[in-house]
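In what follows, a structure is listed as structure tokens, so that the remarks can point back to it.
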Amino acid sequence: MKTTYKYIKKTLPFVWAGLCLVSCNDFLTEDPKGQLPSEEFFSNKEDLDASLTALYSVIASSQASNNLCGTNFLAGDDISTHPSSNKQPLREHDQFDVKDNNSWLSSMWEQRFKVIKAANFIINNAGRTPDVSEEEIKAAIGQAHYWRAYSYFYLVTTWGKVPIMLEEEINYNAPLQTEEEVYKLILSDLKIAETDCPANYTKEPYARNGINIAVSEGAVKATMAYVYMCMAGWPLNKGTEYYKLAAGKAKEVIDGVENHIYDYALLDEYSQVYSWEYNNKNKELLLGIYYNRDQTNQAAPLTDFLQDMAQGGWGDTNGEIKFWKAFPEGPRKDATYFPKIILSDGKLHDWWYDTDPPSREVVAPVFMKTVEGAVRGTEFDYTNPALVNAAGEKTLQLIRLSQVYCWYAEATGRSGEVNTKAIEVLNKVRNRADGQETNFYKETMTPEALAEAAYDEHGWEIAGYYWGGIASRARDMFRMYRYKDHFEYRKENPLIKVAEGIERNEAVPVTGTWDDSKMYAPYPYEDAILNPNLK
């Protein structure tokens, strides 16, 4: 934890005004406080507000670029990267061969502990703030508990055993805690957040355009549902009991929506989900991280463009071909991938196009979820070859209602049950994906078929979108112990028919022999020097 330790050693985090949680205005109109001793802080409501500003500022920064927010997302079967260029930190994850000196590891590790530090500051000190209602104090502390749980969830699903830090001082010899102990803390934090975070916020900056901006009760319940699913699967393998817990929490969200306790709803068309039009008014979004290019931007817009595309791509990520092939045709697929790509010749091509003789380094499907218009504040047009700005301000979507529907259906099926509500909500997801009421799923399905259908639907809903943090495709595969099968498939790397007379396969080679150490990332070398328990 090289940089993390330096950060945590400070008695109080910097309080940044005007960062995060906003799309148009400052999150809180506070002046920067600088550094103050913690015993002198929380002397009034302004201090309490400023501490939340600091927390959300750290959260915004921690998710703002893929070298900071990503976990082992490239282990998923939906996404790959470039076979050369400067993509080695990404490629090692794609190849299931991550080294402890991977430059991304220390960044990802550091950012999680920065969030934990900022959360601990509020958890340990905010309760003494005078002349503030108990409700406001509990809401602030509840949000801090949520983000600490969120960060530890990242850590435990990326590294497994990790140190637990609950104080503002750092213990350089902090022992590693088992996955069971880390999950125990995560659930404890989430249960506090569930009780203390309101169902809905009514005032800015915590609410805007009729949606919750800050952590709400519904977002916490949804997170608990997914955490229970992860605990039911690998490596804890708690099984049916925890799938039932997951289904119960997801159902609480669904009931809350249907009883108008929570004001969430699926958008009518999948193309709206990641559109600019709904960027700051997405009723489907239970939790997001909001950006403003003038204050704090994110760096997502160019990550998915291939390097030889006219819009100026970085080539960090691209779609895997087998996943693209299995993806059901319809409006959801059309809005997930570029229908056509523009190369340097200025012409529109199918993604599988290559020159004769072949010359393109990466020939692969291209995701279209993080893109932004060439002109600020406009919808992206894939037929426009104009360069896209690397500084983005699209909301990063952490949890959507469609995901909760999928989690409920999957957890129900893995509990050994099929019920009307599970079929109903899964059909809501699929009907929108198909663009018509196909009602594809029936109550005659077996529990196993329901679970697998929901697992697949969730994968298609969030394909390629690792910025979401909570439940990427890779994390779904992790909890279901499906990395190994994908590793073996990528080693084989067969040609796949993508069009009449045209076959393509992955550009990044995978070699070696599987062992379960590949399920986790190694501890960052630089941090292991400081804490010998990480070696």
Side-chain angles (χ1 to χ4, degrees), residues 23 63-70 73-74 78-82 87 90 267 269-282 284-285 288-293 296-320 323-324 327 331-344 346-351 353 362-398 400 460-469 472-473:
S23 57
Q63 297 282 128
S65 61
N66 54 9
N67 67 307
L68 304 178
C69 81
F73 59 84
L74 275 156
D78 60 333
I79 193 166
S80 186
T81 187
H82 197 285
K87 310 306 176 188
L90 287 149
L267 294 174
E269 300 174 12
Y270 190 86
S271 62
Q272 298 168 330
V273 172
Y274 296 99
S275 71
W276 183 259
E277 178 185 0
Y278 287 88
N279 189 49
N280 294 310
K281 56 180 183 180
N282 190 339
E284 188 167 332
L285 194 60
I289 300 176
Y290 295 78
Y291 291 86
N292 182 329
R293 191 191 295 176
T296 300
N297 64 272
Q298 42 88 335
L302 293 180
T303 58
D304 290 338
F305 287 97
L306 302 181
Q307 291 182 353
D308 60 353
M309 289 175 66
Q311 292 91 345
W314 290 348
D316 285 358
T317 45
N318 54 258
E320 288 202 21
F323 187 90
W324 170 87
F327 201 124
R332 180 171 58 188
K333 187 172 186 176
D334 294 342
T336 295
Y337 298 99
F338 277 70
K340 300 277 187 177
I341 59 174
I342 301 180
L343 302 179
S344 55
K347 299 177 182 178
L348 285 167
H349 298 278
D350 294 311
W351 67 258
Y353 165 80
V362 178
V363 180
V366 186
F367 291 112
M368 200 173 60
K369 292 180 175 179
T370 62
V371 293
E372 299 187 18
V375 176
R376 184 180 182 182
T378 63
E379 210 71 69
F380 177 75
D381 177 4
Y382 73 90
T383 67
N384 183 355
L387 293 175
V388 170
N389 197 308
E393 51 192 346
K394 259 190 179 181
T395 301
L396 298 185
Q397 302 181 13
L398 271 59
R400 291 192 287 111
W460 296 322
E461 280 289 302
I462 49 86
Y465 195 74
Y466 56 88
W467 299 87
S472 64
R473 173 68 170 181

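Start at 1 with the first residue, then count along the sequence.
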Q.
With heavy-atom distances below 4.5 Å as the criterion, would you say the side chains of Tyr465 and Ser472 are in contact?
A. no
Q: Please answer whether the main-chain N or O of Leu90 pairs with a side-chain N or O of Thr81 as donor and acceptor at a distance below 3.5 Å.
A: no
Q.
Contact between Glu284 and Tyr278 at the side-chain level, heavy atoms closer than 4.5 Å - yes or no?
A. no
Q: Report yes if the side chains of Ile462 and Arg400 come closer than 4.5 Å at any heavy-atom pair, otherwise no.
A: yes
Q. Does the side chain to side chain contact (heavy atoms under 4.5 Å, CB included) test come out yes or no for Leu398 and Ile289, once each step is laid out?
A. CA-CA 7 Å; Leu398 271 59; Ile289 300 176; 3.8 Å; yes
Q) Taking the side chain from Arg293 and the backbone from Ala391, do they hold a donor-acceptor pair closer than 3.5 Å? A) yes
Q: Report yes if some heavy atom in the side chain of Gln298 is under 4.5 Å from a heavy atom in the side chain of Lys394; otherwise report no.
A: yes
**Q.** Side-chain (Trp351) to main-chain (Ala364) donor-acceptor, under 3.5 angstrom
**A.** no
Q.
Please check: side-chain N/O of Lys369 versus main-chain N/O of Val273, any donor-acceptor pairing under 3.5 Å?
A. no
Q) If every non-hydrogen atom of Trp314 is compared with every non-hydrogen atom of Ala390, which pair is closest and at what distance? A) CZ2-CB, 3.5 Å
Q | Non-hydrogen atoms of Pro301 and Gly392 that approach each other most closely | A | CG-CA, 3.5 Å
Q. Which atom names give the shortest non-hydrogen contact between Gln397 and Asn282, and what distance separates them?
A. NE2-ND2, 3.7 Å
Q: Measure the CZ-CD distance between Arg473 and Glu320 for me, rounded to the nearest 0.5 Å.
A: 10.0 Å
Q) Hey, does Thr336 have a side-chain heavy atom less than 4.5 Å from the side chain of Phe327? A) yes
Q. What orientation do Tyr466 and Phe73 show, parallel under 30°, tilted 30 to 60°, or perpendicular over 60°?
A. parallel
(Q) So which atom in Ala374 and which in Asn384 form the shortest heavy-atom distance, rounded to 0.1 Å? (A) CB-ND2, 4.3 Å
Q | Near-ring test Phe367/Tyr274, centroid separation under 6.0 angstrom | A | no
Q.
How close do Leu306 and Asn318 get, counting heavy atoms only, and between which atoms?
A. CD2-CB, 3.8 Å
Q.
Between Thr303 and Asn66, does the side-chain hydrogen bond (donor to acceptor under 3.5 Å, both in side chains) criterion hold? Intermediate values first, please.
A. CA-CA 8 Å; Thr303 58; Asn66 54 9; 4.9 Å; no
Q. Any donor-acceptor pair under 3.5 Å linking the side chain of Gln311 with the backbone of Leu387?
A. no
Q: Give the intermediate values and the outcome of side chain to side chain contact (heavy atoms under 4.5 Å, CB included) for residues Phe380 and Tyr382.
A: CA-CA 6 Å; Phe380 177 75; Tyr382 73 90; 3.7 Å; yes
Q. Shortest non-hydrogen contact from Ser65 to Asn67?
A. OG-OD1, 2.6 Å
Q: Determine yes or no for a side-chain-to-main-chain donor-acceptor pair under 3.5 angstrom, with Tyr353 supplying the side chain and Leu348 the backbone.
A: no
